[in-house]
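Quick note: numbers below take in every heavy atom, side chains included, and nothing from hydrogens, waters or symmetry partners. Proteins get letters first, then strands, A, B, ... in listed order; numbering begins at 1 in each.
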There are 2 protein chains.
Amino acid sequence: MSKRATAREVAEQAGVSKWTVIRAFTPGASIAESSRVKVMAVAEKLNYRPNLLARSLATNLTHQVAVLVDDFENPYKLSFLERLTLELQSEGLVAVLININEHFDHVHALLNADQRQLDAVIMCGTAFRTEMLQDVRLDGAAPIFVLARDSQIPGVPAINCDTTLAIKDLCRHLHGKGYRRPGFMAGPKTLSTALGRRRAFKAFWKAQGIAEMPELAAHHYSAASGAEAVRRYLNEVPPAGRIDVLLCENDVLAFGAMDVIRSEFGLKVPADIAVAGFDNTLFAAAPAYDLTTYEQPVEAMVKATVAMILGREPKKTVILPGRLVVRGSA
Amino acid sequence: MSKRATAREVAEQAGVSKWTVIRAFTPGASIAESSRVKVMAVAEKLNYRPNLLARSLATNLTHQVAVLVDDFENPYKLSFLERLTLELQSEGLVAVLININEHFDHVHALLNADQRQLDAVIMCGTAFRTEMLQDVRLDGAAPIFVLARDSQIPGVPAINCDTTLAIKDLCRHLHGKGYRRPGFMAGPKTLSTALGRRRAFKAFWKAQGIAEMPELAAHHYSAASGAEAVRRYLNEVPPAGRIDVLLCENDVLAFGAMDVIRSEFGLKVPADIAVAGFDNTLFAAAPAYDLTTYEQPVEAMVKATVAMILGREPKKTVILPGRLVVRGSA
DNA sequence: TTGTATGCGTTATCAG
DNA sequence: CTGATAACGCATACAA
């Protein structure tokens, strides 16, 4: 039942001042080896370890980083969280995971992070309105980073995959495969716009002299919404006038789309309609989907983010190239 | 560029003592309405908000809870994280997400949580050796809770789904469907044992007078390992002697198994081999898998955990019933 | 190398 | 209701 020992208690038992105890636990502090050993022995006995809370109060560094997430339906988020926590922890930082939802929005989260003196805030692919950040006065607060999404906010760097390049790579592949009647499935309007994938898609095909590009609108970034969108389309448009390839804004939408195309309409992928996604989610590789998609450079993005947080790199928007993953679906 | 204002600064500008400022921000503190208004005005102007770090140091409460996770390959974890963060945040707590891996093990995480004075530690389905906890001396430290797994450690309550009931429900369904040659796919030995699913499985079929139950061993809880295990089995055992139903320890293994059964061996699910899983992952509902599985009562489990953390419920192991989800795969 | 004084921004407690 | 004093556990600067 030995309660947490404090530096003062250790000092008493070791017969030194508490500052000497602190020094023993401060790497690079000037302290005699003899007293260091003595202190450490007593510390071990009393089960003493420095109180990081008190340290944070004194140093103004919590070594904690807020990670804001709002879409838990996308398994892809899990990869991001894994890499992010891994990278943070390897640098002595930890992630405070904040669930952004109707009851707890960005402003709420930002204020909270501020009050807890967190060292940085990473908005991990969260959907936010640019105006939102201007409402909040966070002058002395932690720097904010936008991960896996663009940021138009001055002073708030984004670390993102090169969307233009990515969509171009994807579309070039589809075009090379001979598809000429492309369709695009987007998520909710505002969020979709922020991703910029639709724009790049239209630009590519227009450059190829193809003007007609049906758009299927999904209400959420979920398989169910993807399914619903494609169901609506297939019910409305007779076979002759249909698209021959569908690029979905992300894998989750693509999964839902493929499910409906095959199970409900008895069509073949890619023979009748080819499908491609974005993210290279774990399941994209499963034979059941075998989805052609695009992989974001998660590790590089995460490393770049953490480097900026640590001040090893200047804070500025970074765009990194990803990787086209060709599989059987398109 | 207004730096973070402190209570003292606000006090000076408002012409009161800093304690009055604190009172203005302390719900239920006795303070004159007039001075409260005065303080709030200045606080607003100076952009003051209480420093939770300092508060934590004084109160010994951080309102932060460590959430340990070690398996980021299972999309199911995402549901847990979503519900957990949601519930914690609705109670004024936040989750510190800790990635348990080779470089950062449970002991490391526990010590870290201790030093950061976290209020509690939730081991969210992590694989640990019982001895491990005894090595760590964490007497005055935060209470530990084991979520979605059993705990044999005295004083460390587990919040889990009723495995025995769950497996019995699943198996009864399979038996009712007429399957008589059951097989079980387990994950890594030690982790699997901790889950207790295999044991319940064997018990059920033995009670039905069926003794032979092939076991397929997966090395990890991943689709690839599930695929590999079933591939090995199907290559070794000729069609005549094969199982007619395979219960996998979790959905992810089941997905991998189904992939191989159908794509590599051209067999039908459930006609040739039926498959069932455990967890009711998002993808289990997809037509591509249409997996019969068992759903853990995530929300109830999470609520029970948080209730104990807040001291609203006594700390003790809780076993909750889940829900059988019957689909087309078995 | 070691000890001392002071500060970090709160909370708790008591006197007025 | 308000101000003052001590305490939370450590860091920083300085003196010995």
Side-chain angles (χ1 to χ4, degrees), chain A residues 2-40 42-43 46-64 112 114-119 140-142, chain B residues 2-40 42-43 46-64 92 112 114-119 140-141:
Chain A
S2 73
K3 297 273 295 183
R4 231 185 299 271
T6 157
R8 198 177 52 80
E9 304 178 270
V10 174
E12 282 169 8
Q13 287 223 18
V16 297
S17 75
K18 64 173 175 175
W19 294 276
T20 302
V21 175
I22 303 284
R23 285 192 184 93
F25 282 87
T26 306
S30 77
I31 179 176
E33 182 60 17
S34 61
S35 51
R36 204 188 68 80
V37 169
K38 187 168 53 181
V39 166
M40 285 314 218
V42 179
L46 295 184
N47 199 20
Y48 165 82
R49 256 176 307 279
N51 181 335
L52 296 188
L53 210 54
R55 175 176 296 177
S56 293
L57 182 60
T59 57
N60 254 318
L61 280 177
T62 54
H63 298 287
Q64 293 192 141
N112 199 271
D114 180 39
Q115 293 192 56
R116 288 183 191 276
Q117 314 282 92
L118 301 195
D119 295 347
Chain B
S2 74
K3 296 274 294 181
R4 231 185 298 271
T6 157
R8 198 175 54 78
E9 305 177 88
V10 175
E12 282 169 9
Q13 287 223 17
V16 297
S17 74
K18 63 175 176 177
W19 295 279
T20 301
V21 174
I22 302 284
R23 284 190 184 95
F25 283 86
T26 307
S30 76
I31 180 177
E33 183 59 16
S34 62
S35 52
R36 203 189 67 81
V37 169
K38 188 168 53 182
V39 166
M40 286 312 218
V42 179
L46 296 184
N47 198 20
Y48 165 83
R49 256 176 307 279
N51 181 334
L52 296 187
L53 211 54
R55 173 177 297 176
S56 293
L57 181 61
T59 58
N60 253 318
L61 279 177
T62 54
H63 298 288
Q64 293 191 143
N112 199 273
D114 180 38
Q115 293 192 57
R116 288 183 192 275
Q117 313 283 90
L118 301 195
D119 295 347

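- Between L61(A) atom CG and dC10(D) atom P the separation is 17 Å, expressed in whole Å.
- The base of dT5(D) lies close enough to the side chain of W19(B) for a donor and an acceptor atom to sit less than 3.5 Å apart.
- In this structure, the side chains of V21(A) and V42(A) stay at 4.5 Å or more apart for every pair of heavy atoms.
- From one end of the helix from dT1(C)-dA16(D) to dG16(C)-dC1(D) to the other, with five pairs defining each end axis, the axis direction shifts by 40° (rounded to 10°).
- Between I31(A) and T26(A), every side-chain heavy-atom pair lies at or beyond the 4.5 Å cut-off.
- Base contact: I22(B) has a heavy atom under 4.0 Å from a base atom.
- When distances are taken from the side chain of A58(B) to each of dG9(D), dT11(C), dA11(D), the shortest belongs to dT11(C).
- Projected onto DNA chain D by closest heavy-atom contact, S34(B) and T26(A) fall at different nucleotides, the more 5' of which corresponds to S34(B).
- At a cut-off of 3.5 angstrom, counting only N and O atoms as typed in the model, there is a donor on one side and an acceptor on the other between the side-chain of R23(B) and the base of dG3(D).
- Protein atom CG of N60(B) is 11 Å distant from nucleotide atom P of dA12(C), rounded to whole Å.
- A distance of 12.0 Å separates CG in L61(B) from CG in L52(B), rounded to the nearest 0.5 Å.
- In this structure, H63(B) atom NE2 and dT11(C) atom P are separated by 10 Å, rounded to whole Å.
- dC8(D) atom P lies 9 Å from atom NZ of K18(A), rounded to whole Å.
- Atom CG of L52(B) is separated from atom P of dT11(C) by 9 Å (rounded to the nearest Å).
- For S56(B), no side-chain nitrogen or oxygen approaches OP1 or OP2 of dC8(D) to under 4.0 Å.
- Residues T62(A) and R116(A) have side chains not in contact (no heavy-atom distance under 4.5 Å, counting atoms from C-beta outward).
- Where P50(A) and R36(B) each meet DNA chain D at their nearest nucleotide, the meeting point lying more 5' is that of R36(B).
- The residue S35(B) sits close only to the backbone: its heavy atoms come under 4.0 Å of sugar-phosphate atoms, none of a base.
- A straight line from CD of Q117(A) to P of dG9(C) spans 8 Å, rounded to a whole angstrom.
- Which of dG3(D), dG3(C), dT10(C) sits closest to the side chain of T6(B) comes down to dT10(C).
- Side chains of E9(A) and Q13(A) form no contact here, defined as non-hydrogen atoms less than 4.5 Å apart.
- In this entry the distance linking CG of N51(A) with C1' of dG9(D) reads 6 Å, nearest Å.
- Y48(A) comes within 4.0 angstrom of the backbone, heavy atoms only, and of no base.
- Panel note: side chain R49(B), backbone N112(A); no donor-acceptor pair is recorded below 3.5 Å.
- Taking the side chain as every heavy atom from C-beta outward, P50(B) and Q115(A) approach each other to under 4.5 Å.
- Atom CD of Q117(B) and atom CD of Q64(B) lie 11.0 Å apart (nearest 0.5 Å).
- Listed candidates were dG3(D), dC10(D), dT10(C). Nearest to the side chain of A7(B) is dT10(C).
- Distance from the side chain of T59(B) is smallest for dT11(C) among the nucleotides dT11(C), dT10(C), dT2(D).
- Nucleotide dG9(C) holds its P atom 7 Å from the CG atom of L57(A), rounded to whole Å.
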